[in-house]
Amino acid sequence: MKAEKITVYEPDKFIKIGFFASWKAMAVSLFMSRELIWRLFLRDFKAKYRQSFLGILWAILNPVITVGIFIFLNRSGILNIGETYIPYPLFALIGISIYSIFSTGLSATSNSIIGAGPMVVKINFPKISLVIAAMGQAIVEFLVRLILIFFLFTIYGVTPCWSSILLPVALLPFILLTLGIGLFLSLLAGVLRDIIHLVSFFTTLLLFLLPVLYPAPQAGILVTLNRWNPLSHLIAGCRDILISGNLFDAAGFLWATIFSIIVFLVSWRIFFLSEPRIAERV
Amino acid sequence: MDTVIGIEHVSKKYCRSLKHTMLYGVQDIARNAAGLTSNPERLRKGEFWALDDVSFEVKRGETLGIIGANGSGKTTLLKLINGILLPDKGKIEIQGRVGALIEVGAGFHPLLTGRENIYVNGAILGMSRREIDEKFDEIEDFADIGEFLDVPVKHYSSGMYVRLGFAVAVHSEPDILLIDEVLAVGDEQFQRRCINKISKMQEDGKTIMLVSHALTTVEGICSKVIELDKGKVKTNGIPERVIDEYLSRLDRDLQKSEKSAGRRWGTGEAEILDFGLFNGSRERTDRVTSGDETIFIMRVKFNTQVKNPIFGILIKSEGGIVVYGTNSRWRHMHFDTFEVGEEVKVIFKQKMQLTAGVYHVDPAIAYSDGITFYDWQERALEFIVELPVQTTGFANLDSQISITRNA
């Protein structure tokens with residue numbers, strides 16, 4: 001007879017087993033959830049586009065519309081966006097596509113636990129899978145947009161830099177940061193629904209504060225703001241890698257990367273330790 | 001036999017108010033995040049013990065039934081054993097893989113087909129893709145939903161939904177299966193199939209824990225029963241004894257509450273002013289002889305305009321069993337509108353072919369939909385039936401017994 005696993009449930013179990021043992025438990029649990037994450041991702045993906053006529057095309061339509069509005073505002077002189085070193089539509093589309101990983105990812109992840117319905121309260125499974133699977137939606141949408149971006153590259157006759165192949169690596173800290181914040185917010189949203197509204201407010205606000213649809217300004221208040229905002233470093237870094245191949249602000253990108261990793265680790269741990277509370281409160 | 005589920009002094013608290021739930025939730029998360037314990041032993045304002053110092057064990061191969069009134073903590077207990085919730089006090093030790101049917105189909109996505117949902121649900125229950133592939137035919141067979149397998153589950157009937165959910169869960173090969181009141185849904189045939197599957201798992205030496213209000217099912221398949229009452233273990237032992245004790249206590253409580261006052265409910269748009277029993281010579285009485293012609297008269301007043309109501313009576317035995325019921329709809333009577341302030345007399349004439357005993361009657365007036373009531377009076381009237389010959393049961397069939405000897 002095969003050895004049966006013995007499971008013990010007691011209050012504050014993971015605080016009692018000690019620091020390193022609990023990190024190990026976290027890693028094991030995450031590794032064991034890989035198949036579930038994939039399944040949940042597929043489920044969300046299929047379900048999302050099943051009842052929609054345009055389906056995944058929406059992933060392209062959304063940024064195109066936003067960029068279109070900005071092109072219009074720019075051309076009509078309402079906004080003065082300034083000079084970009086590649087054609088503006090391409091510049092803006094790259095920016096908004098990268099930024100959408102954050103905005104779409106954050107709204108999907110923060111809603112993932114409360115949106116999962118009765119399964120959270122009725123089935124025992126690693127809830128982190130829901131959050132990661134939700135993040136997957138944002139990544140897929142980005143990949144679809146990437147096709148459009150390369151299409152625009154050819155139209156405008158701009159050659160992307162060879163370093164574009166490093167994009168997945170460059171995006172990693174950005175994704176980790178989003179996931180980290182998302183993990184924390186999904187947890188908090190379980191007890192405080194206000195989070196969902198705040199997320200949509202802040203992602204809209206940040207879209208205008210960050211150099212997404214316009215090049216980083218060289219003077220003014222936004223310069224200071226951008227210097228201390230890890231998001232602007234990460235977005236600018238990814239865009240640089242795609243277009244020119246050299247990071248304008250390598251130091252900034254580095255600290256933003258370290259910051260992202262720390263946020264992710266802390267958030268992951270908080271999530272793991274508080275996970276049993278979710279089923280009680282949702 | 002070794003213990004596979006060990007519950008030691010387990011308590012779990014819940015919070016009644018939503019506001020406190022939010023506040024405590026944020027507090028607990030903050031404390032956990034800082035690596036502090038959340039002081040689970042203390043009750044904060046608005047909290048109560050949903051489970052209070054519960055201890056018992058389940059041995060390998062046993063089938064344990066959990067019974068108790070609503071809100072007694074049965075589902076909470078299952079959720080703790082399943083690890084969905086962590087206890088606030090005490091310790092739970094589980095040996096082996098736990099499969100739980102706390103709400104079947106909880107992970108189903110309405111837009112995905114049954115086939116797709118089998119894979120998702122299997123993964124949520126901890127099955128690998130290969131396991132699901134291997135078991136797929138068995139699951140399909142068991143669910144028995146035919147071509148609906150490739151239809152989005154939102155088009156399923158609730159029975160089909162449950163069947164598919166149950167099929168996936170029992171095929172996740174748990175060593176311990178937790179079942180929460182899911183057998184009550186689904187048709188007769190499916191219920192039988194579930195019971196068969198459970199007996200097969202029992203033969204295979206699996207451990208089963210079953211929460212149910214279906215006491216006959218519990219008595220039939222459990223080897224041990226625990227009654228929970230307000231979060232505590234009230235009785236624990238062999239099924240017959242625990243269930244008997246539970247039922248007799250229930251009866252006593254019921255009688256106590258019924259004696260005090262018959263309940264009355266309804267919208268009040270039509271109102272029963274008076275309800276009485278009359279004998280053949282139109283004298284009011286509470287004592288009739290079995291087989292006699294009797295009349296119930298219901299005086300009704302309409303406080304609003306009422307269209308086509310249904311007038312009915314329900315005769316119950318002393319123990320609360322419905323002995324006879326009839327209404328104007330079943331007698332194919334339809335009425336036009338009754339005006340505001342109108343008073344009518346409804347007369348129910350019948351032969352009282354009941355055996356000797358004490359009976360009581362509920363008169364009622366219902367909407368034409370038969371579901372909503374204008375007025376329903378429980379135990380509005382109590383009467384005694386006398387019968388000179390001895391019989392048992394409720395119906396007086398007035399049997400004549402003769403014998404023919406074929407010599």
Side-chain angles (χ1 to χ4, degrees), chain A residues 2 4-16 19 22 32-33 35-40 42-44 46-51 116-126 129-130 184 187-188 190-194 266-267 269-282, chain B residues 4 10 12 14-15 21-26 28-30 32-33 35-38 40-41 79-98 100 102-112 116-117 119-129 152 175 180:
Chain A
K2 64 173 197 274
E4 284 175 336
K5 205 174 100 195
I6 295 182
T7 322
V8 178
Y9 299 118
E10 50 184 343
D12 299 320
K13 170 176 154 190
F14 289 108
I15 292 168
K16 283 179 189 157
F19 189 72
S22 62
M32 300 296 278
S33 321
E35 210 166 305
L36 177 57
I37 294 170
W38 176 243
R39 277 282 150 213
L40 289 172
L42 278 184
R43 177 192 80 158
D44 293 345
K46 285 183 192 163
K48 188 171 178 185
Y49 297 112
R50 187 149 291 182
Q51 263 196 337
M119 66 187 277
V120 173
V121 244
K122 310 280 181 161
I123 304 176
N124 182 21
F125 68 100
S129 333
L130 286 170
F184 184 70
L187 197 65
L188 214 53
V191 286
L192 222 59
R193 296 297 146 99
D194 312 47
V266 169
S267 226
R269 182 155 178 90
I270 293 174
F271 188 91
F272 188 77
L273 292 179
S274 317
E275 198 179 316
R277 300 268 167 221
I278 300 174
E280 280 170 39
R281 310 286 181 190
V282 166
Chain B
V4 288
V10 164
K12 181 75 202 169
Y14 270 150
C15 186
T21 302
M22 279 163 56
L23 178 68
Y24 297 154
V26 174
D28 288 345
I29 289 174
N32 287 158
L36 300 168
T37 78
S38 35
E41 299 86 5
K79 284 185 178 176
L80 285 167
I81 295 172
N82 191 207
I84 298 173
L85 302 173
L86 279 187
D88 284 316
K89 278 196 276 188
K91 189 174 166 187
I92 299 172
E93 256 190 86
I94 312 282
Q95 204 174 328
R97 179 163 165 177
V98 177
I102 292 183
E103 186 178 302
V104 287
F108 283 175
H109 196 292
L111 287 179
L112 299 190
E116 289 165 324
N117 268 307
Y119 279 95
V120 178
N121 212 233
I124 295 170
L125 297 173
M127 294 167 83
S128 68
R129 197 199 155 92
D175 302 305
D180 187 7

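The figures here come from the full heavy-atom set of this structure, side chains too, leaving out hydrogens, waters and symmetry mates. Just so we're on the same page: letters track the sequence lines, and every chain starts at 1.
Heavy-atom distances place both the backbone and the side chain of B:K91 under 4.5 Å from chain A. Residue A:L40 touches chain B through its side chain alone, counting heavy-atom pairs closer than 4.5 Å. Contact of B:Q95 with chain A is made through backbone and side chain together, with heavy-atom distances under 4.5 Å. When heavy atoms are compared at a cutoff of 4.5 Å, B:L23 does not approach chain A at all. Both the backbone and the side chain of A:L187 come within contact range of chain B, with heavy atoms under 4.5 Å apart. For A:R50, the part lying under 4.5 angstrom from a heavy atom of chain B is the side chain only. With a 4.5 Å cut-off on non-hydrogen atoms, B:K89 touches chain A through its backbone but not through its side chain.
For the pair B:V98 and A:N124, the minimum side-chain heavy-atom distance is 4.5 Å or more. Side-chain atoms of B:P152 and B:P110, non-hydrogen and from C-beta on, never get closer than 4.5 Å to each other. Side chains of A:V121 and B:K79 form a contact here, defined as non-hydrogen atoms less than 4.5 Å apart. B:L80 places none of its side-chain heavy atoms less than 4.5 Å from the side chain of A:Y9. Taking the side chain as every heavy atom from C-beta outward, B:D175 and B:V4 never approach each other to under 4.5 Å.
Here A:T7 is the residue among A:T7, A:I6, A:V8 with the most heavy-atom pairs under 4.5 Å with chain B. Put simply, of A:I270, A:L192, A:I123, A:L42, the one with the most heavy-atom pairs under 4.5 Å next to chain B is A:I123. Chosen from A:K46, A:R39, A:E275, A:M119, the residue pairing most often with chain B at heavy-atom distances under 4.5 Å is A:R39. Interface check for chain A: of the options B:N117, B:L85, B:N82, the most heavy-atom pairs under 4.5 Å are formed by B:N82. For chain A, the option among B:H109, B:R97, B:K12 with the highest count of heavy-atom pairs below 4.5 Å is B:H109. Interface check for chain B: of the options A:P118, A:P126, A:S33, A:A47, the most heavy-atom pairs under 4.5 Å are formed by A:A47.
From A:R43, atom CZ reaches atom CG of A:L130 across 7.0 Å, with rounding to the nearest 0.5 Å. Separating the OG atom in A:S129 from the CD1 atom in B:I124 is a distance of 9.0 Å, to the nearest 0.5 Å.
For A:F184, the CZ atom is loosely surrounded, since the number of other residues' heavy atoms within 6.0 Å does not exceed 12.
In terms of modelled atom types and a separation under 3.5 Å, the side chain of A:E35 and the main chain of B:R129 share a donor-acceptor contact.
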